[in-house]
Amino acid sequence: MSEYRFEEVEKKWRQEWVKRGTYTVKTDPNKPKYYVLDMFPYPSGAGLHVGHPLGYIASDIYSRYKKLNGFNVLHPMGYDSFGLPAEQYAIQTGQHPAITTKTNIDRYRGQLDLMGFSYDWTREIRTSDSDYYRWTQWIFLQLFDSWYNKETNKAERIASLLDKFNAAGTDGVKAVCGGEHEFTSIQWKEFSEKKQQLILLDYRLAFISDTSVNWCPALGTVLANDEIKDGVSERGGHPVEQRKMRQWSMRITAYADRLLQGLEKLDWTESLKDIQRNWIGKSIGATIFFDIEGSEEKLEIFTTRPDTIFGTTFMVLAPEHELVAKITATSQKDAMENYLTSTKAKTERDRMSDTKNISGVFTGAYCIHPFSGEQIPIWVADYVLAGYGTGAVMAVPSGDQRDWDFASHFGLPIPAVIEGSNVTEGANESKEGVLTNSNFLNGLKVKDAIKEILKRLHEKGIGFKKVNFRMRDAVFSRQRYWGEPIPMYFKDGVPYPIATEDLPLVLPEVDKYLPTETGEPPLGRASDWSYTPKEESQSYPLELNTMPGWAGSSWYFLRYMDPNNDGEFVAKEAVDYWQNVDLYLGGAEHATGHLLYFRFWTKVLCDLGYLPFDEPAKKLINQGMIQAEDGQKMSKRYGNVVNPDDIIAHYGADSLRLHEMFLGPIEQHKPWNTKGIEGVYRFLKKLWRLVHDHNGNFSIQNTPATKDELKALHKAIKKVTEDNERFSFNTSVSTFMVAVNELSELNCNKREVLEPLLIVMSAHCPFICEELWEKLGNKDSITNAEWPRFNEAFLVEDSILYPVSFNGKMRFKIELSAELGAKEVEEIVLKDAQSLKYLEGQQPKKVIVVPKRIVNIVV
RNA sequence: GCCGAAGUGGCGGAAUUGGUAGACGCGCUGGAUUCAAAAUCCAGUUUUCGCAAGGGAGUGCGGGUUCGAUUCCCGCCUUCGGUACCA
């Protein structure tokens with residue numbers, strides 16, 4: 001082989017690594033573990049473009065680096081293979097989504113294989129395999145069989161709730177619950193089976209209920225909040241409307257506080273944690289009940305500023321609020337009906353874009369202020385959301401801009417309750433200040449006033465402190481075909497779990513991937529979609545909805561630890577050894593979707609005793625997007641997609657890997673530049689030439705290295721080690737270049753230098769390093785080598801080239817012995833002819849000498 | 001609007017603890033080698049004044065701290081991401 005032929009080298013090692021099982025990993029208690037995980041891809045029909053592998057390359061480098069440092073590294077890959085695109089394609093072509101999915105996976109695998117990743121492919125998983133989704137279904141059943149105990153602050157089995165109900169009814173039960181229940185143990189036991197089951201549904205972590213959902217008519221399915229962007233569906237950009245439907249949900253709100261608190265100990269970027277914090281949206285305030293004049297009903301509101309209660313001049317209900325119909329005065333009925341109709345007609349998007357138009361209608365009814373006894377008019381307006389808090393607010397126009405806008409528009413009074421507020425221009429939303437015009441709260445600071453009012457509300461029994469979250473329970477039903485069947489059947493309208501030994505509940509065949517004529521989901525087309533429980537002769541209809549895309553990805557990191565276990569979702573030994581993910585790499589676009597559900601399911605499984613940790617990933621890095629050369633998003637639509645296969649055919653996988661890293665910091669968005677790859681390609685050729693003579697024969701010297709050669713090597717070892725530790729892979733690539741440039745200059749082809757250098761580079765460009773490593777006579781793979789330790793002694797300089805500055809401006813450099821102290825350096829520099837020139841005969845005011853770094857002379 | 005991240009040559013970017021701004025690479029210019037090309041090698045490449053030697057300016061903008069600021073502080077501007085009436 002005369003020159004660097006990457007095709008031969010890479011082909012050879014691709015085969016050799018498979019043959020030797022180089023990347024197969026087993027639990028090994030003698031070694032410390034390290035778990036590196038990539039967010040697994042959805043295998044789309046378009047294949048991978050050059051932007052996709054960015055994170056995979058980075059995680060591969062880190063995995064290899066950790067392995068060279070003595071860790072037993074788990075680094076798996078799989079496919080998130082249920083999802084909408086395959087199903088849309090199936091609707092159009094009639095082809096079974098399983099077929100397209102398999103074709104796409106094969107294509108992905110072919111592309112991934114070219115890139116030299118150290119994945120242990122024996123651990124591959126696919127969420128659409130029944131061997132896998134069997135356990136997704138099993139986890140669903142665990143959630144169905146759990147409730148959240150606020151006393152222990154954990155999920156517990158439904159059995160423990162039943163014990164409580166049987167012993168004392170709801171007395172003393174502190175649970176997260178979707179309804180209001182109060183009964184004694186005697187009543188509980190007398191309830192019918194059906195009634196009991198319906199009550200339990202309000203407690204289960206996976207539950208079915210009539211909820212207002214985001215319905216997307218174009219996709220024919222409901223969507224979760226995180227699947228909607230700017231009021232339209234994230235996939236396809238179709239309009240979304242609100243609809244009441246009977247749906248499965250996950251009680252993620254039970255975990256809102258823990259999901260929030262858990263962020264503190266995670267090594268994720270602050271910005272990503274902030275996105276989750278905002279999404280969870282915790283706010284602390286008070287629930288207050290107001291009497292309604294001439295009615296038995298009470299108006300329950302939530303406010304974060306109970307201290308401003310004396311500034312309340314009106315109440316506002318959301319149009320959907322149940323009291324609207326009950327309290328609207330006859331004289332206002334027509335106006336109200338018109339208003340409700342016009343609001344309903346608005347889509348989510350209209351309502352969002354229409355925030356400037358202030359609208360609302362007076363109900364004709366009044367509340368009574370609990371402390372002043374004054375009448376407060378009750379209005380209905382669509383600026384109050386039905387889904388947050390109680391769907392009703394006490395409006396304080398002097399303290400809330402939206403209330404101020406509303407009051408100004410309808411000419412309602414705006415009394416100030418904070419000293420010094422100027423409420424003619426707008427509301428004073430500051431939480432600092434002293435109360436005024438507020439009866440017993442006058443003179444108190446906001447913080448103290450809140451305490452005082454809570455005390456008074458409590459005394460009167462009309463209010464209490466309340467914590468609210470913006471996050472809603474996660475809708476779990478999808479009216480689609482290509483997803484995990486929900487393992488439930490219905491008896492008399494009540495859902496029951498199918499037995500775990502009957503899992504997996506395999507996705508049935510259907511004639512078309514469309515809703516039925518009666519509007520039921522595609523599973524309604526299956527010829528026999530029913531279940532016969534053991535010891536029963538009768539069969540019952542099965543659930544027709546399937547699970548959402550995030551189900552399979554919420555626990556996949558666990559399955560990699562023990563992918564072929566058909567007795568449990570993961571063996572205890574495996575999870576005890578591998579624990580949670582040490583480094584997780586993926587896009588920030590999953591901040592409010594996958595990454596929350598992923599944490600949620602982990603916490604549930606931890607509470608139920610299956611896992612020894614309650615966070616799935618300790619450290620998370622969000623890789624940036626690679627834009628196309630024209631600066632746009634890389635997409636088929638714009639015709640600017642660069643295919644990694646083409647790049648590899650031209651330059652090889654090592655060049656592709658180096659180039660992607662060399663583009664810039666891993667977290668940053670950056671444009672792709674095909675031309676630039678020439679640089680790293682030249683570098684690899686230069687490396688090859690370093691150990692080959694002019695005739696192309698491998699050539700290595702076994703003589704001891706010189707001081708300069710060792711310095712070049714150890715400088716590189718030190719820098720690359722530091723860079724890898726902080727995931728700065730772009731700078732490690734330039735360090736390789738510097739080292740090879742220096743060694744080429746020195747004509748160094750010594751074993752003593754090249755062996756360690758190859759190890760250091762092998763994480764980035766494994767093929768060429770493995771090849772040269774073998775040529776050096778090594779029998780074992782370079783992946784089993786040991787990371788070299790840099791020796792400070794080789795880096796010590798005899799002399800320092802001091803930059804000399806005058807007033808902070810560098811003027812000249814002077815080479816001085818490294819041994820000299822600050823005083824001596826100062827003396828020599830000041831005597832130097834060049835200094836005299838810049839001093840122009842003046843005395844220096846001050847001379848700063850930082851030994852081994854810099855001299856600065858102030859004139 | 002609110003929250004977050006980022007602004008450095010023609011381009012991607014480097015400068016890790018306040019210490020030579022522009023490492024490394026792309027591109028470009030000139031040259032060597034070659035019949036020619038590819039490949040390789042050498043020199044130059046922030047800008048401005050200057051033949052040069054040498055000088056001025058310079059890390060989004062305006063201030064500040066410091067002997068010294070891309071780095072720290074204050075106030076703005078721009079771009080990107082998140083969120084969107086959450087009471």
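In what follows, every chain begins at residue 1, and chains take the letters A, B, ... in the order their sequences are listed. Computation of the quantities below employed the complete heavy-atom set of this structure, encompassing side-chain atoms and omitting hydrogens, waters and symmetry-equivalent molecules.
Among the protein residues, Asn856(A) comes within range of the nucleic acid bases, having at least one heavy atom under 4.0 Å from a base atom. Within 4.0 Å (heavy atoms only), Ile848(A) reaches at least one base atom of the nucleic acid. Using a 4.0 Å heavy-atom criterion, one finds that Lys852(A) contacts no nucleic acid atom at all. Counting any heavy atom pair closer than 4.0 Å across all strands shown, Asn468(A) reaches no nucleic acid atom. Across all strands shown, Ser271(A) has heavy atoms under 4.0 Å from sugar-phosphate atoms exclusively, and none from any base. Nucleic acid contact for Glu722(A): base, since at least one base atom lies under 4.0 Å from a heavy atom of the residue. Using a 4.0 Å heavy-atom cutoff across all strands shown, Arg470(A) reaches at least one base atom of the nucleic acid. Heavy atoms of Arg689(A) sit under 4.0 angstrom from primed sugar atoms or phosphate atoms, though from no base atom. When heavy atoms are screened at a 4.0 angstrom cut-off, Val850(A) is found touching base atoms of the nucleic acid.
Taking only side-chain nitrogens and oxygens, Gln668(A) comes nearer than 4.0 Å to OP1 or OP2 of G13(B). In this structure, Asn730(A) reaches the A14(B) phosphate: one of its side-chain N or O atoms is under 4.0 Å from OP1 or OP2. The side chain of Lys675(A) contributes no N or O atom lying less than 4.0 Å from OP1 or OP2 of C11(B). Taking 4.0 angstrom as the limit, Ser283(A) places a side-chain polar atom (N or O) nearer than this to OP1 or OP2 of A87(B). Using a 4.0 Å cut-off, some side-chain N or O of Tyr388(A) falls inside it from OP1 or OP2 of A87(B). Neither OP1 nor OP2 of G68(B) sits under 4.0 Å from any side-chain N or O of Arg853(A).
G58(B) is unpaired under the criterion used here, namely a Watson-Crick or G-U wobble arrangement in which both key atom distances are under 3.5 Å. For U65(B), there is no paired nucleotide, since no Watson-Crick or G-U wobble pair has both relevant distances below 3.5 Å. Pairing of C41(B), defined by two Watson-Crick or G-U wobble distances under 3.5 Å, is identified with G31(B). Across every strand in view, U83(B) sits in a pair with G1(B) that passes the Watson-Crick or G-U test at under 3.5 angstrom. Of all nucleotides present, none satisfies the Watson-Crick or G-U wobble test against U16(B) with each distance under 3.5 Å. For G7(B), the paired nucleotide is C77(B), the pair qualifying as Watson-Crick or G-U wobble because both relevant distances are below 3.5 Å.
Annotation: U47(B) and G9(B) have their P atoms spaced 11 Å apart (nearest Å). When the P atom is compared between C3(B) and A57(B), the two are found 38 Å apart, to the nearest whole Å. Nucleotides G54(B) and G64(B) are separated by 33 Å at their C1' atoms, to the nearest Å. Distance noted for atom C1' between G13(B) and A6(B): 14 Å (whole Å). Comparing the C1' positions of C67(B) and C61(B) gives a spacing of 26 Å, expressed to the nearest Å. G25(B) and C41(B) are spaced 11 Å apart, taking the P atom of each and rounding to whole Å. Look at the C1' atom in both U46(B) and C11(B): the space between them is 13 Å, to the nearest Å. G19(B) and G10(B) have their P atoms separated by 26 Å, with the value rounded to a whole Å.
Using modelled atom types, no side-chain atom of Tyr65(A) and backbone atom of Asn724(A) make a donor-acceptor pair closer than 3.5 Å.
The aromatic ring centres of Phe314(A) and Phe406(A) sit less than 6.0 Å apart.
Nearest-nucleotide positions on RNA chain B place Lys719(A) closer to the 5' end than the other of Lys813(A) and Lys719(A). Where Asp400(A) and Thr731(A) meet RNA chain B, the nucleotide closest to each residue was compared, and Thr731(A) sits on the side nearer the 5' end.
Of the candidates A23(B), U20(B), A14(B), U20(B) carries the atom nearest the Pro803(A) side chain, counting heavy atoms from C-beta on. Checked against U83(B), U16(B), C85(B), the side chain of Thr592(A) finds its nearest nucleotide in U83(B). Residue Lys685(A) places its side chain closer to U40(B) than to any other of G12(B), A87(B), U40(B). Nearest nucleotide to the Arg811(A) side chain, out of A15(B), G55(B), A84(B): G55(B). Which of A15(B), A21(B), C85(B) sits closest to the side chain of Met810(A) comes down to A21(B). Among the nucleotides C41(B), C26(B), G4(B), the one closest to any side-chain atom of Asp274(A) is G4(B). Listed nucleotides A14(B), A87(B), C24(B) differ in distance to Pro665(A); the shortest reach to its side chain belongs to A14(B). Distances were taken from every side-chain heavy atom of Val384(A) (C-beta onward) to each of A87(B), C24(B), U16(B); the shortest belongs to A87(B).
For G50(B), the glycosidic angle deviates from 0 by more than 90°, giving an anti base.
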task: Given ring pair (Phe, Tyr, Trp, His ring centres under 6.0 Å), test His659(A) with Trp672(A) step by step and report yes or no.
output: CA-CA 10 Å; His659(A) 183 53; Trp672(A) 174 259; 5.0 Å; yes
